[in-house]
Novice: 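Can you read through this structure? Questions will come right after.
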Amino acid sequence: MLEERLRVPQIASGDLLRAAVRNGTDLGRQAKQFMDRGALVPDELVLGMIDERLGQPDAREGFILDGFPRTVPQAEALDRKLSARGIAIDRVVAVNVPDAEIIQRISGRRTCRGCGAMFHVVFDPPREANTCSKCGAELYQRDDDAEKTVRARLEVYAQSTAPLIAYYSARQLLKEIDGTGSPKSIEQRILDALGLN
Ligand code: AMP
């Protein structure tokens, strides 16, 4: 939604890492062992990957970072990289959802192997079981979306990522929004937080 609205690419570190795993690159091989158990991939691997992505032509007019930064050292490195290019982050949106709802949403999530579209077994089921309603390819559950791994990811979030709330709040960039309710109402809150109405 934001990509269409702002006409800048969404750069999701998780998507980039999963593509590296799929393509069997060195980065993918190293990252997989961390991802499978819900741990964070080491900063130096993620930073190199993001730096390369931000250098691509489609990111010249701006970008939406998703899932990055996940640690304070990543945020500091991002600030350094961007200021070397004379740019800075405009806004940071934290989407708040209670843990129980996160577990329910993520453990029921199914992802399309073909186009990457996402469904949910209860909240947004595909027309035909295990089949993408958009492109017809097979749906699968990400290894790290199993409930046990989601719980591990929440612990990692509390320990390593939650400190970014204070980091961006101190820089007056942070807007926190309520991430519960319908997708439409959450979309509206994000647009409000970004001053896009
Ligand atoms: P996501 O698709 O954002 O949920 O990320 C899936 C997994 O990729 C995470 O659980 C981490 O193992 C890894 N990952 C994604 N982004 C980062 C990041 N910024 N730093 C470290 N690990 C990451």
Side-chain angles (χ1 to χ4, degrees), residues 1-2 10-25 27-43 45-46 49-50 64-75 92-166 176-187 189-190:
M1 177 273 289
L2 279 181
Q10 172 197 15
I11 298 178
S13 46
D15 287 348
L16 295 174
L17 288 167
R18 278 184 293 280
V21 171
R22 236 183 358 260
N23 296 332
T25 64
L27 167 67
R29 268 195 296 278
Q30 293 178 70
K32 188 175 183 331
Q33 46 185 317
F34 298 97
M35 296 167 76
D36 282 350
R37 56 171 207 270
L40 290 182
V41 174
D43 289 342
L45 294 179
V46 175
M49 175 187 82
I50 291 285
I64 303 157
L65 289 171
D66 170 6
F68 176 88
R70 284 273 232 287
T71 64
V72 170
Q74 287 182 13
V92 176
V93 183
V95 181
N96 290 325
V97 179
D99 283 2
E101 188 165 338
I102 290 179
I103 291 166
Q104 203 183 21
R105 286 186 192 177
I106 299 187
S107 61
R109 173 162 71 177
R110 296 294 180 271
T111 307
C112 174
R113 281 196 199 283
C115 69
M118 281 182 273
F119 298 86
H120 190 282
V121 289
V122 178
F123 305 133
D124 183 20
R127 277 194 296 277
E128 202 184 315
N130 300 319
T131 307
C132 177
S133 311
K134 294 195 174 123
C135 79
E138 184 198 12
L139 300 181
Y140 76 109
Q141 181 180 40
R142 277 171 44 180
D143 288 342
D144 61 344
D145 281 353
E147 179 170 340
K148 192 165 149 268
T149 318
V150 175
R151 289 184 191 279
R153 288 162 66 191
L154 285 170
E155 276 175 33
V156 168
Y157 176 84
Q159 183 142 36
S160 304
T161 306
L164 290 175
I165 299 286
E176 294 199 62
I177 66 140
D178 172 9
T180 64
S182 69
K184 253 293 163 275
S185 61
I186 299 165
E187 172 180 339
R189 284 179 216 133
I190 294 175

Novice: Can you list everything that forms a side-chain contact (heavy atoms from CB on, under 4.5 Å) with Q30? Sequence neighbours excluded, please.
Specialist: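 Testing Q30 for side-chain contact (heavy atoms from CB on, under 4.5 Å), a comparison that skips the adjacent residues, returns D26, L45.
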Novice: By the definition side-chain contact (heavy atoms from CB on, under 4.5 Å), identify the one residue from L40, V41, V156 that meets it with F34.
Specialist: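 When side-chain contact (heavy atoms from CB on, under 4.5 Å) is applied between F34 and each of L40, V41, V156, only V41 qualifies.
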Novice: Please report the closest heavy-atom contact between T131 and G136, naming both atoms and the distance.
Specialist: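 Smallest interatomic distance, heavy atoms only, reads CG2-O, 3.5 Å.
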Novice: For the CG atom of L2 and the CG atom of D66, what is their distance to the nearest 0.5 Å?
Specialist: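 Nearest 0.5 Å value for the CG-CG distance: 10.0 Å.
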Novice: S160 side chain to T71 main-chain N or O, any donor-acceptor pair under 3.5 Å?
Specialist: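 Looks like no, no N/O pair under 3.5 Å.
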Novice: So how far is it from I190 CD1 to S185 OG, rounded to the nearest 0.5 Å?
Specialist: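 Atom-to-atom, I190:CD1 and S185:OG are 10.0 Å apart.
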Novice: If you compare all heavy atoms of L164 against all heavy atoms of A75, which two are closest, and at what distance to 0.1 Å?
Specialist: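 Shortest heavy-atom contact: CD2-CB, 3.6 Å.
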Novice: Quick one: pull up CD1 in I106 and CZ in R142 and give me the separation to the nearest 0.5 Å.
Specialist: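 Spacing of CD1 (I106) from CZ (R142) equals 7.5 Å.
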Novice: At what distance, to the nearest 0.5 angstrom, does NZ of K184 lie from CE of M1?
Specialist: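 CE of M1 is found 7.5 Å from NZ of K184.
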Novice: Any side-chain to backbone donor/acceptor pair from R109 onto M118? Under 3.5 Å, distance only.
Specialist: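 Between the backbone of M118 and the side chain of R109 there is no qualifying donor-acceptor contact (under 3.5 Å).
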Novice: For the atom pair CE (M49) and CG (L17), what is the distance rounded to the nearest 0.5 Å?
Specialist: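 Here the rounded value is 4.0 Å.
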Novice: Would you say the side-chain atoms of Q74 pair up with the backbone N or O of R70, donor to acceptor, closer than 3.5 Å?
Specialist: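 Yes; at least one donor-acceptor contact below 3.5 Å.
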Novice: Got a sec, which residues hit side-chain contact (heavy atoms from CB on, under 4.5 Å) with V21, two or more places apart in sequence or on another chain?
Specialist: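 With sequence neighbours excluded, V21 shows a side-chain contact (heavy atoms from CB on, under 4.5 Å) to K32, M35, given in chain and number order.
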Novice: Could you tell me whether the side chain of D124 and the main chain of H120 form a donor-acceptor pair under 3.5 Å?
Specialist: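 A pair under 3.5 Å: no.
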Novice: Mind jotting down which residue pairs meet the salt bridge (charged side-chain N to carboxylate O under 4.0 Å, His left out) criterion with at least one end in residues 130-141? Sequence neighbours excluded, please.
Specialist: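 Pairs touching residues 130-141 that pass the test: R113-E138.
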Novice: Distance from I177 atom CD1 to E187 atom CD, nearest 0.5 Å?
Specialist: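 Interatomic distance, I177 CD1 to E187 CD, rounded to 0.5 Å: 10.5 Å.
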Novice: Can you name the closest pair of heavy atoms from G179 and V97 and give their distance?
Specialist: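 Where G179 meets V97 most closely, the heavy atoms are O-CG2, 3.5 Å.
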Novice: Going by an N to O cut-off under 4.0 Å, is there a salt bridge joining R153 and D145?
Specialist: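 Salt bridge present between R153 and D145.
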Novice: If you measure from the Lys or Arg side-chain nitrogens to the Asp or Glu carboxylate oxygens, is any gap between R151 and E147 under 4.0 Å?
Specialist: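 Yes, this pair counts.
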Novice: Under 6.0 Å from the CD atom of Q33, do we count more than 12 heavy atoms belonging to anything else shown?
Specialist: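 Count over threshold, so yes.
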Novice: Can you give me the closest heavy-atom contact between G67 and S13, atom names plus distance?
Specialist: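 Scanning both residues, the minimum pair turns out to be O-OG, 2.9 Å.
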Novice: Looking only at heavy atoms, what is the nearest atom pair of L139 and P126, with distance?
Specialist: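 Scanning both residues completely, I find the closest heavy atoms to be CD1-CG, 3.6 Å.
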Novice: Show the numbers, then the answer: is there a side-chain contact (heavy atoms from CB on, under 4.5 Å) between I50 and I11?
Specialist: CA-CA 8 Å; I50 291 285; I11 298 178; 4.3 Å; yes
Novice: For F119 versus P125, what's the shortest heavy-atom pair and its separation?
Specialist: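 That would be CD2-C, 4.4 Å.
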